[in-house]
Structure formats: structure tokens, C-alpha cells
Amino acid sequence: DMSRTIADSRQQFPTLATNNTVDNKSDYENYGNGGSLSATLNYIAKLDTLGSTFKLIADYSHSDSDSHYLESNEATVGTLAPVTEYRRLLGDSEFNIYALTANVEKKLSPRSSVRYGGKFSYNTVFDRMDYYNSTVGEPYDWVFDDNMTNPPTDYNESVGALYFIYNNSWKRLSLSAGLRGEYTWLENKNGGVKQNYFDLFPNATLSYALNDRSSNMLIAQYSRNIYRPSFSVLNNYQVRISEYTTVIGNPNLTPQYSSNLSLTYVLNYKYTFSLVGQFVRDVIQQQMFTQPDSDVIYYQHVNSAEQNSYGVAMSLPFEVTKWFSFNYDLQMLQMDTKSELANSSCLYTSMDANMNFTLPRNFFFEVDGWWMSKVEIGTLMQLPMGDFDVAIKKRLKNNKMTLSLGVDNLLNNPGRIRSQGEGFKESLHQMNQPRIVRASVNYNFNAGKKFTRRTVETGAAEEKSRM
């Protein structure tokens, strides 16, 4: 794979040393090359006539990439002339995931079953970044920056798990309950980081059908979950966004744990209304801090103390006419965060909408939009933002072929972040998602035909999401 990203950001804040205002503008270009390989093997054996099965899943995933990051930074302090500097970052990374999952699903009766098994995963991560500086433009005179270049990250992570799940139903009532235990080993080959911990994760779902067709239901759920940090934020890196802002990794990050509660009402199979609560400990959040007698602001993912969220969520699909359908999702949460740097409280609202128009001659027009309100977490405040995607599609050859032309992030709105803490205040505008024009041709050789195929199940979805 090859990728190229072009972005810019602008910051304004007072300096500590001169008490002047800094107007800082940075432009970035990031070129990347990489590849990935995944392989999955499934073995399934039937154990009895009730449908009991034994399943063995083996997974392997490999990902590697090389990156070339080029930045030009122009800083204006007070009324002084602008000063421009150039930086280059060369990086390479490699991830490997090995996972083996075995489980048995035992049918006790047509309405009840148990499922038990285990999983072992072994992950390796290597990442290196080298920094170079220059004070002149092309042709650049690059000088290696020993202060910004850190030793490479090179660590192994192993996770072993055992689990048990019980399922049963009695007329209109259904129950699913389980328990999973995990033990994790993590060690950095370069020293300094070693983690070993054991955790238990219970879960339960209780549902009750309000009518004989089960079109209207009440569903109560509880689960305790773990979220491990992505491999990228665990890397021991420094990325200088500007002369006054640096993003750094955190190899000492630990997982965050959440307890989740929900009560959902399902109407007519498709409309859902939920009361939700989430209580998270050791929250992984990107926060800002400064060093004494320094104008540099550092961004780093850290484990905050706790975050409690509770509110409502709903999903409302509508078929207004034969040619127009509409789906609307809404979530409103009260979010309270406590951390060592700052406490915050805010009402967070997010909306997603999808509209589909069926036009004459097998044309279709789609609009997908989203919006999120202000979010305040610790020292960071993400201001309201939103965007939408549009696409027109044409079906040909008895619906076997689909031509599509669309534009993502049509408004191309920048992300706006404000940060304030003891001794600093900063505003940052950054183009996170560029406007993208997409064109595609899809052909389905089996359209209109009934056929069966075997699906291959992976047991390493969580690990792959962290690559």
C-alpha cells in the first residue's frame, strides 16, 4: 500500500519567556509505503445430532510500513520577522500477530447451550523513528537530531484467556451469561517496561419479548470490558508538530476498563430506544502538559483516573416512500471526567443520518452526514464539528454491475481544539480528514442467484484493530 497525507495546522498562544503572542503555522506531507498479510485456518467438528461443535481457529497477521514525514514550520513571535524551519522524520514499523482459539459449543437442549474454550495470542511490535532538521529549503541540508530520536520500541505481548458462556430461553424470556479470565505478559526488549496482570470479565444479557411475535422487546445488558492501547501510541516516539508542540508516545500505558449497563426497548423489530451507562477506569486519553520554563506544549496519551457517562441513545429507520428512506441515530451523554491534570463535565451529543433516494433508470443517490457537539475531557476541548458524504450510483447488467461516484468530507471542516491548563492556553486548527473523490466499479457474478458458501471465522479481530 502507498499513501500520502497533506495537512496544516495553526496555533496562537502567549509565550512564557517574552510574554508575546506566537502565531505558528505548520504544513505537513507524509508519504508512506507498507504491506500486510493475513491468514486464517478454521477446523470445525460436529459432536452430536443436536448441533454441538468443536471449533479451532488459527490466525496470523503481519503488517509493515515505512514513513517519510516532511514539515515546514513558520513561527512569528510578536512583531519579529517570521522564522521558518524544516524537519524530516524517517520511520519503519513491523507488527506480527499469532493467535490460536479453541472452543466447544455444547447443546444441552433445543433451547439451552453452553460454550467454553480458550485463546492464546502472541504479538510482536517493532518501531523506529529518526529525526533530521534543516534551516534552509530545497535542497535541504539535513542534520541528524539526536535529542528527538529515541531508541526503537521492540516488545512482545502474550495474552492467555479462558471463558464460559451459558444460554437458555423460557417462552418469552432469554438469558445469556458468561465469564472470561485473561492473563497478560508484556515486555520491552530494550528494557524499562514490563507488565503482568490478570483480570475477570463477566457479562450478561436478559431479554423479554412483549408479544408472541417478539417484534417488541426489552433487553437488559451488563458487561465488563478491557481496551488495550493501540500499538502506535505505545511506541517510544516524539513527533514535533511545530516549534511549540510535540506529540510523544507512552510505552507505560496500561489498559482501560469499562463497566457497561444498558436497557433497550425494541419496537417493531427495528426502532430502538436505550438508557445507557458506562463507567471507565484508567481511561486512555490524550492530554496536554508543559515543562517548567518552557514554551513547548506536549501531547501524550495517559491513563486518567475515571470517566462516567450516562444518557440515552436511539436508532430510527424510516421508509418515507418507495423512493426515499431515512435512518437517524442519536446519542446524548452526560460525561464526567476526573484526572490528575483537570476535572471536566459536559453534555455530549452525536448524530448520524443516512438518506437514500431511488431515482429512475436504476440510479441511486446517497447522503451520509454526522455531527458531534463540544467535548471537554481534562485539559482538552474538541469544538463542535460535522461533515457529510454524497454518492450517486448506477446499476447495470441486471443489477450485477454497480458504478459509483462520490465525495467524502464535502464540507472539509477542520478539527478545532482548545486546551487550557496551569501556565498555558492554546488553540489548534487541523485538517484531519481531507476531501476525497471516490469512483468505483463493482461486479457481482452471483447477483440474483441463490448460493451457499462457507465463511472463515477469525479469532484475532481485537488484535488486528490495534495494528
Side-chain angles (χ1 to χ4, degrees), residues 57 99 101-105 112-121 123 157-169 173-186 195-208 217-231 233-234 250 252-266 272 274-285 301-313 331-339 348 350 377-378 458-466:
I57 305 173
T101 305
N103 65 66
V104 173
E105 184 171 3
S112 64
S113 66
V114 293
R115 184 177 180 182
Y116 54 90
K119 175 183 174 181
F120 178 78
S121 65
N123 309 315
E157 179 189 70
S158 300
V159 181
L162 295 173
Y163 61 90
F164 177 88
I165 302 172
Y166 174 73
N167 300 287
N168 207 342
S169 60
L173 186 66
S174 297
L175 170 68
S176 177
L179 180 65
R180 186 177 82 255
E182 289 187 358
Y183 193 86
T184 302
W185 307 262
L186 185 146
Q195 299 178 11
N196 297 280
Y197 49 90
F198 175 78
D199 294 292
L200 290 174
F201 303 97
N203 66 87
T205 300
L206 184 66
S207 60
Y208 182 75
M217 300 183 69
L218 279 176
I219 303 173
Q221 293 179 302
Y222 167 78
S223 66
R224 183 175 188 262
N225 301 106
I226 183 173
Y227 171 79
R228 293 182 174 88
S230 66
F231 295 139
V233 300
L234 286 171
N250 187 356
N252 296 303
L253 270 180
T254 59
Q256 72 177 34
Y257 300 89
S258 64
S259 295
N260 310 284
L261 293 165
S262 67
L263 179 63
T264 300
Y265 173 60
V266 180
T272 63
S274 300
L275 299 175
V276 296
Q278 185 179 65
F279 309 94
V280 188
R281 300 298 179 265
D282 299 326
V283 185
I284 298 175
Q285 295 175 339
H301 284 86
V302 298
N303 290 107
S304 300
E306 62 181 60
Q307 182 182 79
N308 299 326
S309 304
Y310 44 90
V312 296
Q331 186 179 55
M332 297 182 66
L333 296 175
Q334 175 63 37
M335 301 175 60
D336 300 322
T337 305
K338 296 180 180 180
S339 69
Y348 169 72
S350 67
I377 301 176
T458 179
E462 177 189 351
E463 290 81 1
K464 291 178 181 178
S465 68
R466 299 169 61 203

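Keep in mind the model is a prediction, meaning the values are calculated, not measured. Throughout, residue positions are numbered sequentially from 1 according to the sequence presented.
- A side-chain contact (heavy atoms from CB on, under 4.5 Å) with Pro229 holds for exactly one of Asn250, Ile284, Thr254; it is Ile284.
- A side-chain donor-acceptor contact under 3.5 Å links Gln334 and Asp336.
- Between the side chain of Arg224 and the backbone N or O of Tyr257 there is no donor-acceptor pair closer than 3.5 Å.
- In this structure, the side chains of Ser262 and Asn260 stay at 4.5 Å or more apart for every pair of heavy atoms.
- Of the inter-residue distances, the one linking Tyr265 atom OH with Ser274 atom OG reads 12.5 Å to the nearest 0.5 angstrom.
- When the shell of 6.0 Å around OH of Tyr116 is examined, it contains 12 or fewer heavy atoms from other residues, nucleotides or ligands.
- Inter-residue side-chain proximity for Ser176 and Ile165 is flagged as met; some heavy-atom pair is nearer than 4.5 Å.
- Residues Pro202 and Leu200 share a closest heavy-atom pair of CD-O, 3.7 Å.
- Taking CG of Asn167 as the start and CG of Leu175 as the end, the distance is 7.5 Å to the nearest 0.5 Å.
- Nearest approach of Tyr197 to Arg228, heavy atoms of both residues: OH-NE, 3.7 Å.
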**Q.** Check against side-chain contact (heavy atoms from CB on, under 4.5 Å), Leu173 and Leu206
**A.** CA-CA 7 Å; Leu173 186 66; Leu206 184 66; 3.6 Å; yes

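- A distance of 14.0 Å separates CD1 of Ile219 from OH of Tyr208, quoted to the nearest 0.5 Å.
- To the nearest 0.5 Å, atom CD of residue Gln195 and atom CD of residue Glu157 are 8.5 Å apart.
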Apply side-chain contact (heavy atoms from CB on, under 4.5 Å) to the pair Gln285 and Val280, showing each step before the final yes or no. CA-CA 12 Å; Gln285 295 175 339; Val280 188; over 6 Å; no

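- Residues Gly118 and Leu162 come closest through the heavy atom pair CA-CD2, 3.9 Å.
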**Request:** Kindly determine whether Val276 and Val312 satisfy side-chain contact (heavy atoms from CB on, under 4.5 Å), including the steps that lead there.
**Result:** CA-CA 6 Å; Val276 296; Val312 296; over 6 Å; no

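- Closest non-hydrogen pair, Asn203 versus Leu179, comes out as ND2-N, 4.4 Å.
- Across all their heavy atoms, Tyr163 and Ala102 have their closest contact at OH-O, 4.2 Å.
- Using modelled atom types, one finds no donor on one side chain facing an acceptor on the other under 3.5 Å when comparing Tyr227 with Asn225.
- Closest approach of Glu182 and Phe198 over heavy atoms only: O-CD1, 3.0 Å.
- Atoms OG and CD, from Ser350 and Gln331 in turn, are 4.5 Å apart once rounded to the nearest 0.5 Å.
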Please assess Asn308 against Tyr310 for the test side chain to side chain donor-acceptor pair (under 3.5 Å), listing each intermediate value before the final yes or no. CA-CA 7 Å; Asn308 299 326; Tyr310 44 90; over 6 Å; no

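- The shortest side-chain heavy-atom distance between Tyr222 and Ser259 falls under the 4.5 Å cut-off.
- Note that CZ of Arg281 and CD of Gln307 are 10.0 Å apart. Values are rounded to the nearest 0.5 Å.
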